[in-house]
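So that the names make sense, note that chain A is the first sequence line, chain B the second, and so on, each numbered from 1. Note that this is a predicted model, so its numbers are computed, not measured.
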Amino acid sequence: MLIEQIIKEKIAQAVHQLYGQEIDAEKVQVENTRKDVEGDLTVVVFPFLRISRKSPEQTANELGQYLQEQVDEVASYSVIKGFLNVTISTSYWINQLAQAFSDSNYGFTEATDDSPLVMVEYSSPNTNKPLHLGHIRNNLLGFSLGELLKANGKRVVKTNIVNDRGIHICKSMYAWQQWGEGKTPENTGIKGDHLVGDFYVLFDKHYKQEIEELVAKGASKEEAEQQAPSIIAARELLRKWEAKDPETVELWQMMNQWVYAGFDVTYKELGVDFDKIYYESDTYLVGKDEVLRGLQEGIFTRRDDQSVWADLSADGLDQKLLLRSDGTSVYMTQDIGTAKLRFNDYQIDRMVYVVGNEQDYHFKVLSILLDKLGFSWGKDLHHFSYGMVELPHGKMKSREGTVVDADDLMAGMVEVARKTSEELGKLDGYTEQEALETYKTIALGALKYFILKVDPRKNMMFNPEESIDFNGNTGPFIQYTYARIRSVIRKAEEKGIVPAIDFDQSLRISEKENELIKTISLYPATVQEAADSYSPAVVANYVYNLVKEYNQFYHDHSILNEEDENIRRFRLVLSTTVAQIVKSGMGLMGIRVPERM
RNA sequence: GCCUCGGUAGCUCAGUUGGAUAGAGCAACUGCCUUCUAAGCAGUAGGUCAUGGGUUCGAAUCCCGUCCGGGGUACCA
């Protein structure tokens, strides 16, 4: 049993015996003692004053006395400003360290065949443009969330819905037909997703120009937007595609293939993957059928212009369009179809959608609609709603070129990592291949940590003018600590010193060492909390704190040069355990750790 | 207008279910490498937790009002 739990129960017991009133042990407030105060755990006694009818100091002292007599692990206690600070015995902490050290799966709960199955949807790109920083946040959060859920004993299926059809890709297709001059990724050397994205931008340029010309001739802006030749042509392509016109479908397939090849490269660099990928072109008709079924069953209504609507006013929401008057699908229709296919394919206990908070309303509606359509799981689908990445001048807009491109960003960071490493000369002796791997590890570590350390729900700021830091509260700082420990461990191996927990349990440890073990012992609860609150940031903050404490220890203590063999072995075990947790925690964020840097 | 999320140091962010003197990093300034990696460690300076009220032993945290900002708001995704 955890010491915290023991204290809670003993305090409840003490209150009963000393003051004659039963209280709920779970309600007893036990927290970690502040750093600047002596002690390990603090019991908040204020809620008991009404029962004890004594001063905070006296109450705390009486309870402290009781604890010390009744609980072996309680070594001493002190009372400061009415707070009861309890000091736990060193042997307890050393035992905690030994357990963490020997458990290769420390902090994790393994899934079994009976464990709940969680499907996590993330990424969900459109196929008309390359990935940007906003997608990076989505991908990193989605991947990390999957790892967190796995670490918490869930079976996880990572999935992606590729929005491969619709007016957006038709715009790129039309631009390529008109002005493409037969360009391909092969004959231009341009990455496929970027090439298609270039045509999307080109479309918009022409479209805007046409609108201007029409307005100059006296049309209203709204009319011009509807009547511009480019948009009419793109709509015609969409219509032909839905009618399965062979030439159009072929063009669509070709350009989508270019994009997929490009995405694959980006996903691989980013280190994310999927167990099952769905395509909107396969799901939108299923959604349409579901909507029509709903119409027949009287859940939805058809208007005079043939459009189909859901009336959600009973749920406090508005009317929602499900099929346009021309019979074509909207975003919502497609999501209904995708959901149906997924739940046919897997025995899903919980569905999680990693999608930005700009779509909060959409998922509220989706949940209600799925419920109305009779899907039992609709009501409690979970929208993992994360904040946007903002630039100093505002939102990212693809068409206006104010995006931070994912590939460019990663490549730029690898260069910074290379430069820094070369200046410091840390990788001398590595082959070019080994060195490049390390640059990538560091660069991606910096990027991923930068994004994941922020509370997912909040918007975050990225300034492209300032490169992402490699010092301080950063990924490389954490990786560096890992590399230093690995270096010590390699040296220990050379000297034949093996980390083992056969040190004398009565040894005296320093305050910093005790502090470190306490932090180590918090890892399992941290992993749990991160998964429960869907927040990789909880892990990020924990690992940073752990590493910061370790660096202080490292600075003040010798490990291999320590003369006392007992202490030397203890410190090696301590260091090894910290390295294990750093690797494990970073792994939960999809961040690798280097042997050297 | 309505709905919704947010506002903590110059900048970027932490701050568990309300607990002690609100913490990190960056930027600025100052020290520490003949000893296991200085991408490190230590220190100085920096705050009316947007604002006004309320709840109570105690509020950055909970409730209400106001100001400011993001997002959404019926044929975009």
**Q** Using a cut-off of strictly less than 4.0 Å, decide whether Arg484(A) has a side-chain nitrogen or oxygen near OP1 or OP2 of A38(B).
**A** yes
**Q** Examine the side chains of Arg324(A) and Thr328(A) and answer whether a donor and an acceptor come within less than 3.5 Å of each other.
**A** yes
**Q** Is any side-chain N or O of Ser421(A) under 3.5 Å from a base N or O of A39(B), one able to act as donor and the other as acceptor?
**A** yes
**Q** Are OP1 or OP2 of C76(B) and a side-chain N or O of Arg324(A) less than 4.0 angstrom apart?
**A** yes
**Q** Establish whether the base of C26(B) is bridged to the side chain of Asn473(A) by a donor-acceptor pair shorter than 3.5 Å.
**A** no
**Q** May I ask you to check whether Tyr550(A) and Glu515(A) show a side-chain donor-acceptor distance below 3.5 Å?
**A** no
**Q** For Tyr386(A) and Asn138(A), does a side-chain donor sit closer than 3.5 Å to a side-chain acceptor?
**A** yes
**Q** Do Thr474(A) and A39(B) share a donor-acceptor pair, side chain to base, under 3.5 Å?
**A** no
**Q** Measuring to OP1 and OP2 of A14(B), would you say a side-chain N or O of Lys453(A) lies under 4.0 angstrom away?
**A** no
**Q** Is Tyr480(A) close enough to A39(B) that one of its side-chain N or O atoms is under 4.0 Å from OP1 or OP2 there?
**A** yes
**Q** Kindly say if Gln29(A) contacts the phosphate of G19(B), meaning a side-chain N or O under 4.0 Å from OP1 or OP2.
**A** no
**Q** Is there a donor and acceptor pair closer than 3.5 Å between the side chain of Asn85(A) and the base of A20(B)?
**A** yes
**Q** Within less than 4.0 Å of OP1 or OP2 of U4(B), is there a side-chain N or O belonging to Lys364(A)?
**A** no
**Q** Treating Ser144(A) as the side-chain partner and Leu588(A) as the backbone partner, does any N or O pair qualify as donor plus acceptor under 3.5 Å?
**A** yes
